[in-house]
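See below for the structure under consideration.
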Amino acid sequence: MKRGLPAGLLVLIFLVITTLTVFGQGQGVKNLVLMIGDGMGIQQVTAARVASQGADGSINVDRIKYTGFALTHSANNLITDSGAAGTALATGYKTNNGFIAISPNREKLKSILILAGELGKKVGIVTTTNLTDATPAAFGANNISRQNKAEIAADLLNKDIDLLLGGGLDTFGADLFTRQPKPDSLIKEAEKKGYTFIDTTAGLKNLATAERVLGLFNFGDLNYYDERFVFEPGLAEMTVQALRFLANEQGFFLLIEGGRIDDASHQNDPDKTIKETVEFDQAVGIVLDYAEKSGDTLVIVTADHQTGGFSLNGGLLDGQNLKIGWSTGGHSGSMVPVYAFGPGAINFTGTRHLSILSRLMAEQLGISEFPQLYR
Ligand SMILES: [Zn+2]
């Protein structure tokens with residue numbers, strides 16, 4: 001019997017090992033898009049599919065082959081809030097409810113977005129809520145309380161984030177009537193730091209020459225999907241422009257949040273919850289189209305927690321007359337879905353805590369030290 005492996009096979013094994021080793025040393029995926037449906041549990045996704053496509057139909061997340069689950073509890077509560085959950089997804093740390101990228105020991109944590117920026121990538125945040133809301137805040141600010149909106153807004157502008165799109169005209173200091181920045185406002189300060197300030201859908205379409213962008217399209221959160229003014233862009237539209245703006249040789253990290261699924265579910269409003277989830281899924285479709293073309297973009301779609309104990313209790317197969325039940329006006333402790341598409345996607349299958357997901361993302365990006373404290 002012949003012993004050992006043929007020489008050709010040995011060379012092949014050597015090449016594969018060398019490639020994997022090089023890949024492991026900081027040469028991670030070029031682009032990473034993290035999409036968070038705030039409060040979007042598996043039943044919200046199910047209802048969005050049934051309502052928009054019928055029970056046998058498919059929506060954009062169904063194009064994603066690798067799936068898993070995420071546990072969402074925080075360091076001090078079985079039921080997480082968006083501060084602790086956002087911190088877990090942004091920094092790899094389990095922390096206390098209400099904290100924004102701060103550890104339970106009150107240390108400042110560096111988010112994956114900030115670290116991707118340090119790798120030379122462009123970084124951006126897109127949300128339908130106020131930019132100072134807990135989820136986006138966890139990626140671009142550090143604060144002991146999610147309630148400190150003014151501090152969070154100022155912090156966001158100090159973190160070299162290339163693109164910020166969402167709500168928050170009031171927090172960043174625009175006049176209530178004219179929508180123009182007040183003299184000593186954070187918007188004026190942002191302009192000094194090289195940000196181009198925009199506040200309309202029309203402005204969003206002309207970003208080509210901007211160095212950095214601060215887009216604030218409503219005073220607090222953006223309106224719900226079917227209640228928006230013409231000057232308020234939808235999540236899909238912001239996603240298209242963000243991908244266009246951030247694409248570059250060094251790659252980018254983009255956080256996209258469907259932020260108002262959570263609010264609609266807190267209100268136990270089935271119609272709004274489903275419409276916000278469908279809109280989020282449209283944005284997923286745009287990102288998947290981009291990732292399919294680019295080939296070097298990892299897309300992670302998940303939620304920070306489930307809101308409302310939403311449950312699909314009845315209705316017709318074509319999506320008519322859906323009967324929705326709720327078990328709470330707050331969050332639930334349920335697992336949430338994880339979808340992964342693109343290079344490295346297979347690593348995101350299985351059941352893990354949100355904080356582990358972000359460690360896996362950091363690994364895929366080639367970030368060598370994660371989690372990481374500010375020193
Ligand atoms: Zn909530």
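Excluded from the calculations below are hydrogen atoms, water molecules and symmetry mates; all remaining heavy atoms, backbone and side chain alike, are included. Remember, it's 1-based here, ligands and their atoms both numbered in the order they're listed. As the structure is a prediction and not an experimental result, all values here were calculated from the model.
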Point to revise | Heteroatom N/O/S of Asp262 within less than 2.8 Å of the Zn ion (ligand 1) | key: yes
Practice item. Report yes or no: do Gln306 and Ser334 form a side-chain donor-acceptor pair below 3.5 Å? Key: no
Study note, to complete from the structure: Among N, O or S atoms, His266 approaches the Zn ion (ligand 1) most closely through NE2
Exercise for review: Return yes when atom CG of Asp56 has more than 12 non-hydrogen atoms of other residues, nucleotides or ligands closer than 6.0 Å, and no otherwise.
Suggested key: no
Practice item. Count the heavy atoms belonging to other residues, nucleotides or ligands that lie under 6.0 Å from CD of Glu249, then report whether that count exceeds 12. Key: no
Point to revise | Minimum-distance atom from the Zn ion (ligand 1) among N, O or S atoms of His331 | key: NE2
Review point. Are side-chain N/O atoms of Asp133 and Thr135 paired as donor and acceptor at under 3.5 Å?
Key: no
